[in-house]
2 protein chains.
Amino acid sequence: MPKVVSHEEQRKRIAEAMWRVILKSGMEGATVRKIAAEAGMSAGALRHYFKNQDDLLIYAMRFVNERVEQRILRLVREDLPPDEKAVRLLLELVPLDAERRAEMDVWFSFMEHVRHRADLTGVPENRMHELICQLLAYLDRERMLRAGLDLALEAERIYAVIDGLAVHALLEPERLRPEEMERVVRTSVSQLCRQP
Amino acid sequence: MPKVVSHEEQRKRIAEAMWRVILKSGMEGATVRKIAAEAGMSAGALRHYFKNQDDLLIYAMRFVNERVEQRILRLVREDLPPDEKAVRLLLELVPLDAERRAEMDVWFSFMEHVRHRADLTGVPENRMHELICQLLAYLDRERMLRAGLDLALEAERIYAVIDGLAVHALLEPERLRPEEMERVVRTSVSQLCRQP
């Protein structure tokens with residue numbers, strides 16, 4: 001009996017093929033023809049799942065977002081000391097392993113493309129700044145934070161550290177190793193917290 | 001008498017035309033034909049100054065680097081308290097005004113392009129990490145730094161803050177204003193320094 005592949009599973013498979021093409025050649029090389037070839041189908045068959053390249057692009061961006069958000073939700077539910085939870089959550093946002101590296105690599109390509117595409121609708125919002133603000137509010141409720149911090153400024157600073165590390169690890173992977181990224185994140189969180 | 005324009009001035013003019021095209025449509029839109037039109041010449045005339053698009057790309061990248069480095073050299077020679085000099089120098093690396101914003105905008109497009117171009121030779125090195133290490137060593141010699149800092153880690157952290165702010169200001173200019181960037185940079189430097 002042939003394997004039944006749902007419409008949604010096929011869309012995911014095509015989005016993953018788009019990722020692989022972008023990882024190799026950037027958005028400039030991500031034509032419908034190449035993506036279809038990578039997914040092992042014809043361009044005509046691909047159009048059965050996505051009406052055009054933009055439609056696929058928006059879907060693939062949402063797909064990255066959802067993967068990150070699901071890992072974060074899983075972490076939020078874990079039973080960990082609040083400062084350790086904060087560190088682990090922030091580490092989900094830097095390219096510590098091959099999976100997260102691939103996500104950020106394609107995300108970087110998406111961002112560079114969509115910022116020149118004012119005509120594009122449906123681009124998912126970046127919720128990372130909001131997430132980091134919520135994280136600091138959580139540490140505050142848990143009475144972990146030092147007195148007198150400007151939380152809006154510290155959220156901006158942590159957000160900058162995280163995305164700066166992510167960009168540097170993408171562009172200079174030999175120089176910036178996962179251990180160093182983790183040390184920078186741990187130092188940044190521990191500076192915000194009361195000393196035990 | 002017609003204005004005499006030197007070969008080098010023409011190359012700069014073409015590089016600036018390339019910038020304008022990239023600012024509008026990204027690297028994907030930066031064809032030789034469009035760049036030549038923006039510079040007010042034919043594609044054939046452009047080829048008199050740059051043998052191909054990659055040749056122009058490398059030149060335009062070096063041109064951005066030189067502008068930033070010249071502003072930094074000017075600052076280094078100024079007579080300022082060391083911590084204020086550090087703040088001003090770091091502020092040269094974030095998009096505080098239209099000029100720096102345009103530089104970083106094209107730089108971001110260049111980076112996204114060249115990281116998928118292993119075949120490209122002559123891409124100028126990124127010297128920002130080295131510059132920031134030198135800046136911390138300078139603050140240390142001037143006895144401005146708090147005791148017990150891990151300088152390599154703090155350089156990595158400041159470097160991440162700077163490029164994180166730059167990326168966020170490019171992608172979310174409405175949210176992240178120049179005043180906030182300056183506050184984040186000042187806080188980051190003052191945390192490294194002894195309190196007066």
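The chains referred to below are lettered A, B, ... by the order of the sequence lines, with proteins before strands, and numbering in each begins at 1. What's counted below: heavy atoms across the whole structure, side chains too, no hydrogens, waters or symmetry copies.
- Heavy atoms of B/Asp150 lying under 4.5 Å from chain A belong exclusively to its side chain.
- In terms of heavy-atom pairs under 4.5 angstrom with chain A, the leader among B/Glu172, B/Met181, B/Lys24, B/Arg157 is B/Arg157.
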Verify side chain to side chain donor-acceptor pair (under 3.5 Å) between B/Arg183 and B/Ser188, making sure each step is shown before the conclusion. CA-CA 9 Å; B/Arg183 288 210 308 143; B/Ser188 299; over 6 Å; no
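- A salt bridge does not link B/Arg74 to B/Glu69: none of the charged nitrogens lies less than 4.0 Å from a carboxylate oxygen.
- The part of B/Leu171 that comes within reach of chain A is its side chain, from C-beta onward, which places non-hydrogen atoms under 4.5 angstrom from that chain.
- Counting heavy-atom pairs closer than 4.5 Å to chain B, the top-ranked of the candidates A/Ala152, A/Ser25, A/Ala166 is A/Ser25.
- With a threshold of 4.5 angstrom between heavy atoms, B/Arg115 approaches chain A through side-chain atoms but not through N, CA, C or O.
- Of the charged side-chain nitrogens involved, at least one lies within less than 4.0 Å of a carboxylate oxygen, so that A/Arg67 and A/Glu103 count as a salt-bridged pair.
- Looking at B/Ile22, the atoms closer than 4.5 Å to chain A (heavy atoms on both sides) all sit in the backbone: N, CA, C or O.
- The most heavy-atom pairs under 4.5 Å with chain A, out of B/Leu153, B/Val114, B/Asn126, B/Asp163, come from B/Leu153.
- Within 6.0 Å of CZ in B/Arg175 there are more than 12 heavy atoms belonging to other residues, nucleotides or ligands.
- In this structure, B/Arg62 does not pair ionically with B/Glu66, as no charged nitrogen and carboxylate oxygen lie closer than 4.0 Å.
- Ring pair A/Tyr59/A/Phe63 is parallel by interplanar angle, where below 30° counts as parallel and above 60° as perpendicular.
- Here the options are A/Arg11, A/Arg13, A/Lys12, the test is side-chain contact (heavy atoms from CB on, under 4.5 Å), and the partner is A/Tyr49; only A/Arg11 passes.
- Only the backbone of B/Leu23 comes within less than 4.5 Å of a heavy atom of chain A; no side-chain atom from C-beta onward does.
- With a threshold of 4.5 angstrom between heavy atoms, A/Val184 approaches chain B through its backbone and through its side chain.
- The choice from B/His168, B/His113, B/Gln191, B/Glu112 that makes the most heavy-atom pairs within less than 4.5 Å of chain A is B/His168.
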